[in-house]
Every structure is written in structure tokens, then in C-alpha cells.
Number of protein chains: 2
Amino acid sequence: MSPEQTRPRRRGRPSSPVLSREGITTAAIRIVSTRGYRDLTMASLARELGVSTSALYNHVSSKRDVMLLLQDRLNEQIDTTGFQSLPWDQALRRWAISYRDCYIRHTELIPIMAVLPVADAPQTLVMYERVTAALEDAGIPGPDAVDVIVGVEALVFGAAYDASAPADIFDPGRRADLAPRFGRAAAARDEDARAAADRAFLFTLDSLIDGLRRRVATE
Amino acid sequence: MSPEQTRPRRRGRPSSPVLSREGITTAAIRIVSTRGYRDLTMASLARELGVSTSALYNHVSSKRDVMLLLQDRLNEQIDTTGFQSLPWDQALRRWAISYRDCYIRHTELIPIMAVLPVADAPQTLVMYERVTAALEDAGIPGPDAVDVIVGVEALVFGAAYDASAPADIFDPGRRADLAPRFGRAAAARDEDARAAADRAFLFTLDSLIDGLRRRVATE
DNA sequence: ACCTGAACACCGTTCAAGT
DNA sequence: ACCTGAACACCGTTCAAGT
């Protein structure tokens with residue numbers, strides 16, 4: 001109940017700043033999880049924090065900067081624990097599944113994440129270090145390990161989009177005449193679109209890991 | 001030199017319309033290839049066509065509609081010829097490479113393409129039909145064939161982003177202390193970032209197709 | 001039916017002015 | 001150093017008015 005405790009005060013300063021990069025990130029996550037990316041604007045972010053929009057620019061350089069903070073915070077929660085206890089192929093599988101789970105709810109970050117220089121994202125860098133170390137320890141040469149990371153990431157991002165697609169994405173509709181066999185094949189898949197997307201992802205991921213295992217073993 | 005020939009005239013009409021969906025699509029492609037997606041606005045599109053911005057809305061319902069037309073026109077040029085002459089695995093490889101080549105120059109369309117109901121894109125539907133038919137003829141059950149398409153597409157989209165990334169994407173910069181092994185492994189890769197991206201993609205694609213071939217054979 | 005010009009409701013970003 | 005309020009340069013989209 002003592003207001004002094006809610007925010008640490010520094011000597012000689014009239015008051016602590018209202019805003020911080022951490023606070024902005026937290027507010028951004030709150031908006032995104034409750035209202036979605038469409039409602040994440042610099043104005044809504046400022047309103048959530050009780051300041052004017054221009055105040056944000058004392059702490060972040062742009063909206064892209066906000067998205068970057070958001071993304072690095074998110075990457076912290078991707079599961080890399082498998083690399084400490086499991087064989088590399090099983091660890092890779094667990095990592096990929098967790099990675100995709102995260103980005104299914106944040107597809108708007110994919111165009112940023114996919115081309116982001118890692119130097120700007122410390123948590124992402126930490127994640128890459130863990131994966132690289134585990135793959136190298138398993139006998140995979142470093143450059144190949146990076147290729148594996150790049151390849152699995154590509155699949156993960158694309159599959160995250162697919163899982164976030166509308167349920168009728170493969171329904172040919174009134175143009176069914178253009179694709180009779182595809183139409184039948186798609187209709188014969190899973191009843192639930194999300195379940196179908198999950199199955200296709202796991203099928204592809206397991207096939208890829210199979211292929212990687214063979215290449216690593218025979219080289 | 002006869003102005004009547006430049007545009008077919010219909011009887012009883014005062015004049016033919018200036019705009020058409022095809023013409024808008026062509027103009028959009030022209031802008032995108034010369035100046036990039038950043039310069040593709042409804043205003044720039046109208047200027048390119050010599051009309052007012054609001055005139056466009058007599059032919060397209062939104063900018064998203066324009067992006068859709070663009071994307072369907074693009075998918076026409078993806079190489080599916082392999083499916084008529086090569087074994088399914090080699091054909092799939094050629095298709096994936098051509099698919100990625102196309103979207104490397106059009107990453108802005110990926111978020112639309114990846115979640116687009118196929119009913120809105122006839123050329124895309126035709127492409128899917130060709131792939132499905134070839135895979136089914138090779139003995140792969142229809143639903144599995146769709147899973148293969150979905151999986152390869154996911155890899156293609158993610159890899160297209162990767163190839164369009166800046167050259168320094170894997171340079172840890174001043175945070176190299178956070179990821180020493182990853183930093184070394186990344187530096188030991190190809191000198192040219194694009195060449196490295198190509199190599200990683202082919203490595204992953206070939207591993208995936210290896211894995212798919214085994215699964216299809218053993219099931 | 002199709003086009004124009006003006007207006008609308010937003011965006012992200014900047015900057016002088018305050019404390 | 002950090003915040004406010006006003007302004008700026010855009011967006012995509014709508015709509016009454018013209019032919």
C-alpha cells in the first residue's frame with residue numbers, strides 16, 4: 001500500500017520514468033493476446049500505458065522496434081530443453097513443435113523474424129547457440145548444423161501460416177471443376193482443418209528428420 | 001495509327017471501359033518489378049493507369065483483391081512440367097525449386113498466399129490439381145498427397161523468406177559472446193549469404209524428399 | 001456502367017514546448 | 001531526461017456528382 005514501493009526511486013531525480021522497454025513489451029503482449037495484432041498500434045499501445053503516443057518514441061525508435069522486442073520475448077519461451085537430455089533428432093523434433101506452436105499465434109511476426117539479423121535479438125541468439133551446440137556435440141559439423149536450423153525454421157514458419165489458415169482453405173468451392181482429384185483428396189483429409197494441418201506438419205517434420213538422420217550418418 | 005484499333009469497341013456503347021482486372025494486374029506487376037512492393041499503393045496503381053484512385057474500386061473490391069490477382073498470375077509461371085515426365089520425387093524437387101524462386105521476389109505475398117482459400121485462385125487450383133494427380137498416379141493416396149503438398153509449400157515459403165534476408169542475418173555482431181559456437185559455425189558457412197541460403201534449402205529439400213520416399217515405399 | 005474529386009478515418013512519426 | 005499536444009505525410013476506402 002506504499003506507493004514508493006511500486007517503482008524504485010533513484011536519488012536526485014525528481015521522479016522515475018513512467019515508461020520502459022520492458023513495460024512497453026509487456027503492454028504490447030497484453031494487447032496482442034487479448035485483441036490481436038490488428039489492434040496493436042502505437043496509439044493503442046500508448047493508451048494501454050496511459051501516456052501520449054509520442055512518449056513511446058523516447059524508448060523505442062519505431063513500431064518495428066516494438067515488434068522486435070515482442071519477438072525476442074516470445075522466443076524465450078520456445079522449448080529447447082530437449083537438447084540437454086534427448087538424442088539430437090528427438091530434441092530437434094520437440095524444438096520444432098514448440099517453435100511452431102508459438103508462431104501459430106503470432107504469424108504477423110514471421111515476416112520480421114525470418115529476415116531479422118540475430119544481432120538485434122539476444123534471446124534468439126541464445127536459442128540458436130543451444131541448438132548449434134547440441135548438434136555439434138552429436139557429431140554434425142557446425143556449418144551443416146546451421147543449415148539444419150535454417151531448414152527446420154523454414155518449415156516451422158510455413159507450417160505456422162498453414163495452421164492459422166481458415167478452415168475452408170482447401171475447399172475448391174464453385175471452381176471444383178478445375179481440380180476434381182485435388183478436391184476429392186482434400187475432402188478426404190481430416191474433418192477438422194487444424195487437425196489436418198497438425199498431421200501434415202508432423203508427417204513432414206518426421207520425414208525431414210528421417211532424411212537428415214540418414215545424411216548425417218552416411219557422410 | 002488508327003485509334004479505333006487500339007481498343008475493341010462494342011456497339012451501342014459510348015466507349016469501352018478504360019480499366020479491367022487484367023490491366024490492373026499487369027500494372028501492379030509492373031510497379032512491383034520496377035519499384036517494389038513498398039511503392040504499390042492504390043494511388044500509385046491508379047497513376048500508372050492514368051485514372052483516379054477511386055476508379056479502381058469499380059473493378060477490384062480492395063487492395064487485398066489486387067494482391068490476390070497478382071498472386072494468381074504469378075502462380076501461373078511456377079514450373080509443373082516435371083510432373084508430366086519425371087518420377088514423382090524428381091518432379092516434386094523441380095516444382096519446389098521453381099516455387100521458391102518465384103516467391104523470393106514476392107515475399108510480401110506469402111502471408112496472403114499461405115492462408116488463401118484456393119477457391120479464390122483458379123491458377124493455384126490448377127497447379128494443385130497437377131501435383132495431386134501425379135502423386136496419386138505414383139501410388140500415393142490422395143490425402144497423403146495433399147499432406148505432401150502442404151509440407152513442401154511450408155518449406156518453400158519459409159525458405160523464400162530466408163533467401164530474401166539481409167546478408168548479415170547470422171552475424172551475431174557485438175553480442176557474439178552470447179553465441180560463440182553458433183557464431184563460428186555461421187561464419188564458416190558460405191561467403192555469399194544467398195549461396196548459403198540456396199545450399200541450406202536444397203539440403204533440406206533433398207532430405208525431406210528422401211524421407212518422403214521412404215515413407216511412401218514402406219507404407 | 002464507369003469515372004472524378006472531395007472527404008473520411010485512420011496510420012506511424014516528428015517536433016516545439018513544457019517540467 | 002522524459003512527457004504532451006499539435007501537426008505532417010501518408011494510407012485504403014467511400015460517396016455524391018457527373019457522363
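Every chain is numbered from 1, with letters handed out A, B, ... down the list of sequences. Basis for what follows: all heavy atoms, side chains included, without hydrogens, waters or symmetry-related copies.
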(message) Between P on dC3(D) and CG on Leu45(A), what's the gap in Å once rounded to a whole number?
(response) 13 Å

(request) Quickly work out the Met42(B) CE to dC11(D) P distance and round it to whole Å. (result) 12 Å

(message) I'd like to check Phe83(B) versus Trp95(B) (side-chain heavy atoms, cut-off strictly below 4.5 Å). Are they in contact?
(response) yes

(request) Take atom CG of Asp39(B) and atom C1' of dC11(D), then tell me their distance rounded to the nearest Å. (result) 13 Å

(message) What is the distance, to the nearest angstrom, from the CZ atom on Arg38(B) to the C1' atom on dC10(D)?
(response) 13 Å

(request) Could you tell me whether a side-chain N or O of Asp162(A) sits under 3.5 Å from a main-chain N or O of Ala114(B), the two making a donor and an acceptor? (result) no

(request) Take the angle between the ring planes of His106(B) and Tyr103(B) and call it parallel below 30°, perpendicular above 60°, tilted in between. (result) perpendicular

(message) For a 4.5 angstrom cut-off between non-hydrogen side-chain atoms, does Leu70(A) reach Ile29(A)?
(response) yes

(message) With heavy-atom distances below 4.5 Å as the criterion, would you say the side chains of Met67(B) and Tyr37(B) are in contact?
(response) yes

(request) Within residues 46-62 of chain A, find the residues that approach DNA chain C with a heavy atom at under 4.0 Å, and present them sorted by residue number. (result) Thr53(A), Ser54(A), Tyr57(A), Ser62(A)

(request) Send over the distance from Arg21(A) CZ to dC2(D) C1', rounded to a whole Å. (result) 16 Å

(request) Side-chain contact test, heavy atoms from C-beta onward, threshold under 4.5 Å: evaluate it for Pro166(B) versus Val115(A) and give yes or no. (result) yes

(request) Sort by first number and list every stem of DNA chain C: at least 3 consecutive Watson-Crick or G-U wobble pairs, both distances under 3.5 Å. (result) C:4-8 with D:12-16, C:12-16 with D:4-8

(request) For Met67(B) and dG12(D), give me the distance from atom CE to atom P, rounded to whole Å. (result) 10 Å

(message) Could you check whether any side-chain heavy atom of Arg21(B) comes within less than 4.5 Å of a side-chain heavy atom of Asp65(B), counting everything from C-beta outward?
(response) yes

(message) Quick one, Leu202(B) and Ile97(B) - any side-chain contact, counting heavy atoms below 4.5 Å?
(response) yes

